[in-house]
Amino acid sequence: MQIQSLFIYPVKSLRGIAVDTMQLDDFGPRADRRWMLVDSVNGFVTQRTHPTLANIGLEMSASGELEIAVPGSAPEVLRPGTVEVRVRVWQDWVVALEAEQGASQRVSDYLGQEVRFVYMPETTFRRVDTKRVFEERRVGFADGFPFLIVSEASLNDLNARLEESVDIRRFRPNIVVSGAEPWQEDRWAELQVGGLLFRLVKPCSRCVMTTVNPDTGAKAGNLEPLRTLGHFRRTPDGVMFGMNAVHNGEPGQIAVGDPITII
C-alpha cells in the first residue's frame with residue numbers, strides 16, 4: 001500500500017488542489033479549510049446548496065497566498081482582515097476573521113446573495129468531535145475531522161457498478177490509498193506513513209455533494225453516484241465512503257508514493 005494522491009482544500013467547498021507533498025501541523029493538513037464562506041447570518045455556505053461554487057478557480061502560490069477566480073471576473077487575492085466575527089460550521093460557533101474586501105463581493109455577485117470569506121486564525125481552537133477523539137485535537141472548517149482517507153480500489157469497485165464512472169474528486173479526500181482491497185479501509189484502525197500515525201475514527205457519511213460534477217458545478221439528475229452507493233454502503237448512520245481520521249498531532253510531511261503500513 002502507498003499514497004496514490006494528496007489533496008488540500010484551502011477554502012471549504014471550493015476546488016481542491018492536488019499536491020505532491022503535504023505538510024502537516026496541529027490542524028491536520030497545513031492550509032486545509034482554514035477559509036470558509038458564510039451567509040448573512042454567519043452560517044457556512046457549501047456546494048450542498050450552491051453547487052456552482054465548484055466553478056470558482058483557486059490557486060495557491062509557493063508562499064501560501066490564495067487567489068480565487070470567479071467565472072467572468074478578474075482573479076482576487078484572498079487575505080484575512082482584522083475584523084473578528086463569530087461564525088457557524090455545523091453545530092460549532094467559532095471566532096474567525098473577515099476577509100479584506102474584494103473577493104467576497106465577487107462571489108456574492110456570482111451567487112446572487114450576500115456571502116463573505118472568513119479565516120480561522122491560530123488563536124481559534126475548534127475541537128474535533130469529542131465522541132470520537134478524546135485527545136485535545138483541533139480541526140479547521142472541515143465538517144468534523146482533519147483528514148479523509150479513501151481507497152482507490154473502493155472507487156474502482158463503485159465505478160464498476162455505475163453506467164458512467166466518476167473520479168475521486170467527487171469525494172474530496174485528503175489522502176488516496178492504492179494497493180488495498182476494495183472496502184478494506186472499513187477494518188483499518190491505524191495507519192503509519194513514515195513517522196506519522198493516522199487513527200481512523202469514523203466512516204464518512206456521504207451527502208449530495210458527491211453528485212456535483214467538479215468540472216461543471218452541475219448536480220446529477222439521477223443522484224449518481226450517491227444512489228448506487230446507497231444500494232450497498234448504507235448504514236444506520238448514512239451512506240459511507242472513506243474514513244475520517246486524525247494524526248498524532250505532530251508536524252511532518254507525507255508525499256505521493258510514500259509506503260503505508262497497517263498498524
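Note that this is a predicted model, so its numbers are computed, not measured. In what follows, residues are counted from 1 in the order of the sequence shown.
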Keeping the roles fixed (side chain from R86, backbone from V94), state whether a donor-acceptor pair exists under 3.5 Å. no
Minimum heavy-atom separation for A180 and A153, please, with both atom names. O-CB, 3.2 Å
Quick one: are R34 and F141 in side-chain contact, heavy atoms under 4.5 Å? no
Quick one: does L191's side chain get under 4.5 Å of I175's, heavy atoms only? no
Is there a path of hydrophobic side-chain contacts, each under 4.5 Å between heavy atoms of I, L, V, M, F, W or Y residues, that connects V115 with V89? no
Test your reading of the model: is there a side-chain donor-acceptor pair from D39 to the backbone of V45, 3.5 Å cut-off? no
Using only atom types and a distance under 3.5 Å, with no angle test, would you say the side chain of T124 pairs donor to acceptor with the backbone of M120? no
Does R88 qualify as a cation-pi partner of F44, given the criterion of NZ or CZ under 6.0 Å from the six-membered ring centre and within 45 degrees of its axis? no
Taking N222's backbone N and O only, do any of them form a donor-acceptor pair with R227's side chain (distance below 3.5 Å, no angle check)? yes
Is any side-chain heavy atom of V70 closer than 4.5 Å to one of N55? no
Could you tell me if the side chain of L37 sits less than 4.5 Å from the side chain of S13, heavy atoms only? no
Looking at Q192 and L196, would you say the former's side chain and the latter's main chain have a donor-acceptor pair under 3.5 Å? no
Okay, side chain of R234, backbone of V239: is any donor-acceptor separation there less than 3.5 Å? no
Closest non-hydrogen atoms of V87 and M36, given as atom of the first, atom of the second and distance, are CG2-CE, 3.9 Å
So R170 and F241, do their side chains get closer than 4.5 Å, heavy atoms only? no
Under the 3.5 angstrom rule, does the side chain of N244 hit a backbone N or O of L148 as a donor-acceptor pair? no
Between D143 and R48, does any side-chain N to carboxylate O distance fall below 4.0 Å? yes
Give a yes-or-no answer on whether the side chains of R116 and N42 include a donor-acceptor pair shorter than 3.5 Å. yes
So, does R138 use its side chain to make a donor-acceptor pair with the main chain of E122 at under 3.5 Å? yes
If you measure from the Lys or Arg side-chain nitrogens to the Asp or Glu carboxylate oxygens, is any gap between D92 and R127 under 4.0 Å? no
Taking a hydrophobic cluster as the set of Ile, Leu, Val, Met, Phe, Trp and Tyr residues connected by side-chain heavy atoms closer than 4.5 Å, whether directly or through intermediates, do M60 and V19 fall within one such cluster? yes
Q101, CD: over 12 other non-hydrogen atoms inside 6.0 angstrom: no
Does CD in E67 sit with more than 12 non-hydrogen atoms of other residues, nucleotides or ligands closer than 6.0 Å? yes
Check: residues 253-263 side-chain donor-acceptor pairs under 3.5 Å, at least two apart:
unit_1	atom_1	unit_2	atom_2	d
Q253	OE1	Q23	NE2	2.4
D258	OD2	A255	N	2.8

Looking at E59, I'd like to know if its CD atom is crowded, meaning that more than 12 non-hydrogen atoms belonging to other residues, nucleotides or ligands lie closer than 6.0 Å. no
Chi angles and distances behind the ring pair (Phe, Tyr, Trp, His ring centres under 6.0 Å) call for F198, W188: CA-CA 10 Å; F198 295 85; W188 295 341; over 10 Å; no
What I'd like to find out is whether the side chain of I68 reaches to under 4.5 Å of the side chain of V77, using heavy atoms alone. no
Going through the distances and angles, do R15 and D215 end up as a salt bridge (Lys or Arg N to Asp or Glu O under 4.0 Å)? CA-CA 9 Å; R15 289 180 180 176; D215 294 318; over 6 Å; no
Nearest heavy-atom neighbours spanning I8 and P29: CG2-CB, 4.2 Å
Nearest heavy-atom contact between G217 and A54 is CA-CB, 3.9 Å
Transitive ILVMFWY side-chain link V11 to I17, under 4.5 Å: yes
Under 3.5 Å, side chain of T210 to main-chain N/O of C207, donor-acceptor pair present? yes
Check the orientation of W35 and Y119. Use parallel for under 30°, tilted for 30 to 60°, and perpendicular for over 60°. tilted
Between M243 and E185, which heavy-atom pair has the shortest distance, and what is it? CG-O, 3.7 Å
Side chains of V177 and V150 in contact at under 4.5 Å (non-hydrogen atoms): no
Flag side-chain contact, heavy atom, 4.5 Å: P10 against L66: yes
Distance-only polar pair, side chains of E152 and N156, donor-acceptor under 3.5 Å: no
Donor-acceptor pair, side chain of H247 and main chain of F147, under 3.5 angstrom: no
